[in-house]
Amino acid sequence: MTRPLLVVNPKSGGGQTGRTFGDLRGAIEKRLGDVDVVFTERSGHGIELAEAGAREDRELVIAVGGDGTFSEIVNGVMRSGKKTRVAIIGQGTGGDFRKSLGIDHRLDKYLDAIASKKERVIDVGKARFPAARAALAPGKRHMDHFFVNILSAGMGGLVDEYVASGSRALGPTAAYFLASTKALMRTQRGKLRCVVDGEETRRMDSYMIAFCNGQYFGSGMHVAPMAKLDDGKLEVVSMDAPSKLAFATFSRKIYDGSHMRSPLVTHFTCSRIEVDLDNEDARETFRLDVDGEPLGGLPLTIEVVPKALTLRA
């Protein structure tokens with residue numbers, strides 16, 4: 001039996017993970033036994049490290065970082081084609097996926113979940129879209145990417161891009177506020193065309209549309225309270241408003257899930273969906289947020305890969 005592989009993002013938690021990992025490793029090994037450790041050095045590096053670990057026939061790969069780090073190890077394991085188990089020790093600032101799992105944001109609770117060896121088999125979303133980062137899809141115009149939580153298109157993806165490229169000297173809260181303000185000024189309402197499960201075509205106006213395997217995104221927004229990780233379906237939640245300012249006001253309701261009662265919301269389920277824009281003027285700003293990472297834009301195709309991943313949780 002191989003030792004668990006920890007894929008550690010030292011920049012997660014504002015760099016706190018890297019600064020305190022010595023103590024963190026001691027606590028982990030006290031509970032789980034000896035582990036092997038690798039550190040990510042750049043965006044997408046976790047995919048490579050996890051894939052290599054899975055191809056070594058590791059029984060378990062553990063992400064130590066935020067939702068983005070966990071998403072990368074999922075992509076690595078899925079690309080390997082192996083049956084490697086995955087787990088998370090949350091060290092990021094958002095922690096949206098662990099909310100869907102019902103794990104408290106405490107080191108002992110993460111370790112309890114892993115040490116228990118209880119397993120959940122969950123669905124994974126597989127998305128194809130134009131590649132925005134050449135490093136993640138070298139030589140390709142389109143990229144395939146897996147997600148376990150939520151992929152959204154619209155203003156949220158634009159916010160992600162501004163957060164990723166902007167300064168965080170004032171802290172993550174201020175960075176997110178400034179990015180949201182900038183995105184709100186620039187964003188355009190999308191006129192969406194969706195082909196659902198290869199049959200029905202839906203058209204709708206939207207500032208943001210979310211394709212949900214999990215329930216939470218955006219650091220606590222309860223966008224899809226009905227979503228289940230293992231039902232073979234995505235919950236699609238599209239949000240519109242009469243104006244940008246009205247959308248900004250309305251979006252506050254997403255934190256407690258009350259947005260679902262609004263006539264501004266369109267909701268349906270599917271196992272496969274194709275999405276594109278009918279208005280070209282919105283294409284540049286209608287961007288993708290894939291498990292919290294800005295990775296591309298429309299057109300987009302998503303399908304559910306049912307029971308694809310075994311999770312220690």
Side-chain angles (χ1 to χ4, degrees), residues 125-130 132 142 145 147 149-161 180 183-218 221-228 231-291 294-304:
K126 182 180 181 180
R128 168 166 281 201
F129 47 84
H142 292 82
H145 199 81
F147 66 98
N149 190 32
I150 293 173
L151 185 155
S152 72
M155 182 176 163
L158 193 58
V159 172
D160 278 354
E161 289 189 2
S180 298
L184 184 65
M185 294 174 62
R186 188 178 172 211
T187 194
Q188 297 291 324
R189 176 193 279 134
K191 294 186 178 298
L192 297 177
R193 180 178 68 259
C194 304
V195 180
V196 182
D197 290 327
E199 297 178 356
E200 179 186 10
T201 299
R202 288 174 174 258
R203 283 182 164 82
M204 65 195 81
D205 291 344
S206 179
Y207 277 103
M208 184 165 62
I209 185 169
F211 310 92
C212 310
N213 192 38
Q215 296 185 13
Y216 297 87
F217 77 157
M221 290 183 172
H222 204 181
V223 65
M226 74 299 293
K228 296 180 180 179
D231 63 354
K233 298 288 184 181
L234 294 172
E235 303 291 339
V236 183
V237 180
S238 177
M239 291 158 277
D240 193 25
S243 67
K244 295 180 183 181
L245 182 59
F247 178 74
T249 302
F250 165 73
S251 64
R252 298 172 189 171
K253 296 182 178 181
I254 305 173
Y255 283 97
D256 63 7
S258 61
H259 65 295
M260 293 302 300
R261 298 192 293 269
S262 170
L264 297 173
V265 170
T266 300
H267 167 239
F268 57 93
T269 63
C270 67
S271 58
R272 190 179 191 279
I273 190 167
E274 301 168 47
V275 186
D276 204 356
L277 290 163
D278 282 334
N279 56 327
E280 286 297 321
D281 61 320
R283 191 170 299 279
E284 185 178 351
T285 61
F286 215 86
R287 311 300 292 166
L288 301 187
D289 169 341
V290 187
D291 278 348
L295 293 184
L298 299 180
L300 166 71
T301 300
I302 303 175
E303 59 183 318
V304 176

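A quick note: this is a predicted structure, and the numbers were derived from the prediction, not measured. Only this structure's heavy atoms are used, side chains among them; waters, hydrogens and symmetry mates stay out.
To the nearest 0.5 Å, the span separating CZ on F147 from CD1 on I302 amounts to 4.5 Å. Rounding to the nearest 0.5 Å places OG of S251 at 5.5 Å from CE of M221. In this structure, the separation between CE on M185 and CG on L158 is 12.0 Å, given to the nearest 0.5 Å. To the nearest 0.5 angstrom, L245 atom CG is 14.0 Å from F250 atom CZ. Rounding to the nearest 0.5 Å gives a distance of 10.0 Å between CZ of F129 and NE2 of H142. For the atom pair L300 CG and R128 CZ, the distance stands at 11.5 Å (nearest 0.5 Å).
The two residues L277 and G190 make their nearest non-hydrogen contact at CD2-CA, 3.7 Å. Minimum interatomic distance between L298 and P130 (heavy atoms only, all atoms of both residues): O-CG, 3.8 Å. The two residues K191 and N279 come nearest to each other via the heavy atoms N-OD1, 2.9 Å. The minimum heavy-atom distance linking F286 with Y207 is given by the pair CE1-O, 3.9 Å. Across A224 and E235, no two heavy atoms sit closer than the pair CB-CB, 4.4 Å. For the residue pair H259 and H222, the shortest heavy atom distance occurs at CE1-O, 3.2 Å.
A distance-only check finds no donor-acceptor pair linking the side chain of N213 to the backbone of N149 [under 3.5 Å]. Side chain of T187 to main chain of L184: no donor-acceptor pair is present (N/O by atom type, distance under 3.5 Å, no hydrogens or angles). Distance alone, capped at 3.5 Å, places no donor-acceptor pair between the D291 side chain and the L151 backbone. The backbone N or O of A227 sits less than 3.5 Å from a side-chain atom of Q215, completing a donor-acceptor pair. With hydrogens and angles disregarded, no donor-acceptor distance shorter than 3.5 Å links the side chain of D197 to the backbone of E199. At distances below 3.5 Å, at least one donor-acceptor pair connects side-chain atoms of S206 with backbone N or O atoms of M239.
Counting heavy atoms from C-beta on, the side chains of E303 and L234 never come closer than 4.5 Å. Using a 4.5 Å heavy-atom cutoff, the side chains of L295 and L288 are not in contact. Taking the side chain as every heavy atom from C-beta outward, P294 and R287 never approach each other to under 4.5 Å. Between V196 and R202 the shortest side-chain heavy-atom distance falls below 4.5 Å. Residues R189 and D240 form a side-chain contact, since some pair of their non-hydrogen atoms from C-beta on lies under 4.5 Å apart. Side-chain contact between M155 and R186: absent, with no pair of heavy atoms (C-beta onward) separated by less than 4.5 Å.
Other residues, nucleotides and ligands contribute at most 12 non-hydrogen atoms within 6.0 Å of the CD atom of E284. Within 6.0 Å of NZ in K228 there are 12 or fewer heavy atoms belonging to other residues, nucleotides or ligands.
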